[in-house]
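In this text, all values refer to a predicted model and were calculated from it rather than measured experimentally. Chain letters run A, B, ... following the sequence lines, proteins first, then strands; residues in each count from 1.
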2 protein chains.
Amino acid sequence: MPRKLAVGQSGGATAVINSSLVGVVREAMQAGVFSEIWGMRRGVEGALADDFVDLSSLSQEKLEAIAYTPGAALASSRHKAPDEDIERLLDILRRRDIVSFLYIGGNDSADTVHRLAAHAGHRGQSLQAISIPKTIDNDLRGTDHCPGYGSIARYVAIATMDSAKDTESMPTMYPIKIIEVMGRDAGWVVAASALGKRSPLDAPHLLYPPERRLSLDQLLRDVDCVYRRYGYVVAVTAETLRDTEGRPFADPELRSELDKFGHPLIRGTADMMCRIIQSELGPRSRFDKPGSLQRMSMLCVSDTDLEEAEMVGRAAVRMALGGETDRMVTLIRESDDSYRCSTGSSELSDVANQQRLLPSNAILDDGSDVSDEFRRYAMPLLGRRPLPVYARLG
Amino acid sequence: MPRKLAVGQSGGATAVINSSLVGVVREAMQAGVFSEIWGMRRGVEGALADDFVDLSSLSQEKLEAIAYTPGAALASSRHKAPDEDIERLLDILRRRDIVSFLYIGGNDSADTVHRLAAHAGHRGQSLQAISIPKTIDNDLRGTDHCPGYGSIARYVAIATMDSAKDTESMPTMYPIKIIEVMGRDAGWVVAASALGKRSPLDAPHLLYPPERRLSLDQLLRDVDCVYRRYGYVVAVTAETLRDTEGRPFADPELRSELDKFGHPLIRGTADMMCRIIQSELGPRSRFDKPGSLQRMSMLCVSDTDLEEAEMVGRAAVRMALGGETDRMVTLIRESDDSYRCSTGSSELSDVANQQRLLPSNAILDDGSDVSDEFRRYAMPLLGRRPLPVYARLG
């Protein structure tokens, strides 16, 4: 009996989220049992408006081009679907005879899929609701890592090396550099900034993951100590860093801005740090904030990440064909020596609205580097193209 | 008779400024007439402190590694040397028997070299003072283009494509994106952001070079018009944009900060635009500000730029050997069809403290694209690796 499938993209775009979409479409085409393959425009937001696009007639050339295009080709959303929306979505899927619902996203999206599966179960509506992991935050539980992380890790490692060379070039003019990176509540992206560090003199000198609260005094002591030792300082901070009182390390004016899920939208952590350091310690301070570019660079992409993103998309189709539902595809590390991952799956109730934070020992106590264990974990995720090696005159 | 040479790096670091340094050292080594090759630490700032480093014993491996390292390996400075410093520098050069003074930098550095040559002439001190062009602003007169520009142009073109894919992915959440780029008073970098644009729908939709004054009303009209047509807007602005009254388009608090040359240091143009657009028009607005990363990316480097940077360094050594002084090396475009440049030279009095701004017709009147003439000028400078081609589902 011919089946019908729908796939959507949700949450922040990444360099490899289209690779997962293409994985779904390719596997569904090859399975030969899907009479229709639909893409939801803007995730459930579009699906609720019955805005679907036919993906079953895409050429292989187009699919190949989409796989190498950063961002969400279907467009994405952060729509937080209340239960009425979940019910309405089930009505729309039933009317369209769609029995396989695949959704590419992070924690919030996993929650949507989980509730969709539960409501379908209560109704007795046949539905395979599968979540395909995607988040640069790398904070999904149950999977070795998340597609999107390897590429932002590679971007941030290289950007830190590049930005540090700027600071080294002008130590008397601008000795303090703060680089502000993403990662929401988890420090995986902050930690990745140290993957190109080969000696204590190399940047970053200070790492501030969001799991660690930081007092103003501690910041000033840290910066002063490194500045006295090397003559310049490169620190990497999470944009979501908080002080010891739990307050965002950012302009008070911006603290009140909240997005729909209640995650505080903070701009200005690095800016704030620069102002404090310059006024309290004196040396001129600058910051770099690569913003959405850190998520979107196809030039910095990890080839391993790109391949695994397609792999989890394909695995989701096979799970749906096997009748599974209410599960998320996971990545399982098979070997550390010659890195290799296979796919598995987790119950969505173990994933949805949970977070896997950076282990507290991944960053050394003084914040000057990452642990060897973190390096062994993260380096293979950067892919097979090595990081650049930069030189000094000596 | 053995000669002695000194080379320094000045002004903002770039991805290719070390390639010029390596060009100088390689050509000087090959010439076989230099008994000593000195590098000045931190430009004239270090030279005035007699801080020189021996470059004549660097291995070919080290030189190769330095050429592929972004930033100024000798360290750089923005020291504005008053006449007393120029005199003192001449004393130091004479004491060290240095007769060839090569200085890699932009307009301000050219002025330093020009005054050094003039003072040496008045004294009757033998000196070949040669300026080696380097500026991502591309605003030096007398040369087809400036080493450093091709690489930042490639970075900004790709970053605009990447950032726009983020905006396209979330048109209902964050429909307005402002990308803030460098270029000081010249719009060459702003214009380069359009080099990956292939259709009117592609970003950037609005270009704001610093040569054009922009009123708040015009900004709001422009953004509203594009937003109504496409549902999202990607605009690229110079960080130095000014309003019709000539005031920096940035936070008033930041307007007072001036650097030593009197160029206003403006942070916040894009931030300011976002706040105005969001409060006056409504749609949520975000900005990307790649900061120093746009100057420093070896991953985005133009191979042509890297080669030409070495070429101008080598040419400066030959000019010094030929007894020339008070001149800057220039690039001369020999052919447009199959792009090729050779080197020439200009009098420093025609270069120092002058600016070559972007021609007013390089950006279309409505700011929506660049002219075909600008494309023909700029595309070869991006090098032989093509820009990525991104796809839409259609």
| Thr14(B) (side chain) donor-acceptor with Gly12(B) (main chain) under 3.5 angstrom | no

| query | Is chain A contacted by the side chain of Gln294(B), its backbone, both, or neither, given a heavy-atom distance below 4.5 Å? | reply | neither

| request: Among Gly43(A), Gly291(A), Ser297(A), single out the residue with the greatest number of heavy-atom pairs under 4.5 Å to chain B. | output: Ser297(A)

| field | Residue part contacting chain A, namely of Tyr232(B), when any heavy atom lies under 4.5 Å | value | neither

| field | Ile276(A) backbone acceptor or donor facing Ser279(A) side chain under 3.5 Å | value | yes

| message | Is Ser76(B) close to chain A through its backbone or its side chain, or both, or neither, when contacts mean heavy atoms under 4.5 Å? | response | both

| said: Counting heavy-atom pairs under 4.5 Å with chain A, which one of Glu168(B), Met298(B), Lys177(B) comes out on top? | reply: Met298(B)

| task | Answer with side chain, backbone, both or neither: which region of Leu74(B) has an atom nearer than 4.5 Å to a non-hydrogen atom of chain A? | result | both

| task | Please examine the side chains of Met173(B) and Arg284(B), heavy atoms only from C-beta on, and report whether any two atoms are closer than 4.5 Å. | result | yes

| request: Check for a donor-acceptor pair, side chain of Glu45(B) on one end and backbone N or O of His79(B) on the other, with a separation under 3.5 Å. | output: no

| So does Asp202(B) pair up with Arg392(B), basic N to acidic O under 4.0 Å? | yes

| query | Can you list the steps and then say if Arg78(A) with Tyr174(B) is a side chain to side chain contact (heavy atoms under 4.5 Å, CB included)? | reply | CA-CA 11 Å; Arg78(A) 289 193 192 278; Tyr174(B) 304 105; 4.3 Å; yes

| request: Would you mind checking which part of Arg42(B) comes under 4.5 Å of any heavy atom in chain A, side chain (CB onward), backbone (N, CA, C, O), both or neither? | output: side chain

| request: Check the pair Thr269(B), Met272(B) against side chain to side chain contact (heavy atoms under 4.5 Å, CB included), reporting the backbone distance first and the verdict last. | output: CA-CA 5 Å; Thr269(B) 300; Met272(B) 182 64 106; 5.8 Å; no

| Which portion of Ser292(A) sits near chain B, non-hydrogen atoms under 4.5 angstrom | both

| query | Is the backbone of Pro204(B) close enough, under 3.5 Å, to the side chain of Lys197(B) for a donor and an acceptor to pair up by distance? | reply | yes

| query | Which residues in residues 56-72 of chain A have a heavy atom less than 4.5 Å from any heavy atom of chain B? | reply | Leu58(A), Lys62(A), Ala65(A), Ile66(A), Tyr68(A), Thr69(A), Pro70(A), Gly71(A), Ala72(A)

| task | Sort Ile158(B) into side chain, backbone, both or neither according to what part of it lies under 4.5 angstrom from a heavy atom of chain A. | result | side chain

| note | Interface check, chain B: of Thr167(A), Ile179(A), Asp166(A), Val389(A), most non-hydrogen pairs under 4.5 Å belong to Asp166(A)

| Checking Tyr155(A) side chain against Leu293(A) main chain: does a donor-acceptor pair fall under 3.5 Å? | no

| request: Examine distances only and state if a side-chain atom of Ser151(A) and a backbone atom of Ser302(A) form a donor-acceptor pair shorter than 3.5 Å. | output: yes

| request: Measure Pro171(B) against the heavy atoms of chain A and call it side chain, backbone, both or neither at under 4.5 Å. | output: side chain

| said: Is Arg41(B) close to chain A through its backbone or its side chain, or both, or neither, when contacts mean heavy atoms under 4.5 Å? | reply: side chain

| task | Step through the shown structure and confirm whether more than 12 heavy atoms of other residues, nucleotides or ligands are within 6.0 Å of CZ on Arg384(A). | result | yes

| So which heavy atom on Val16(A) is nearest to which on Gly148(A), and how close? | CG2-N, 3.5 Å

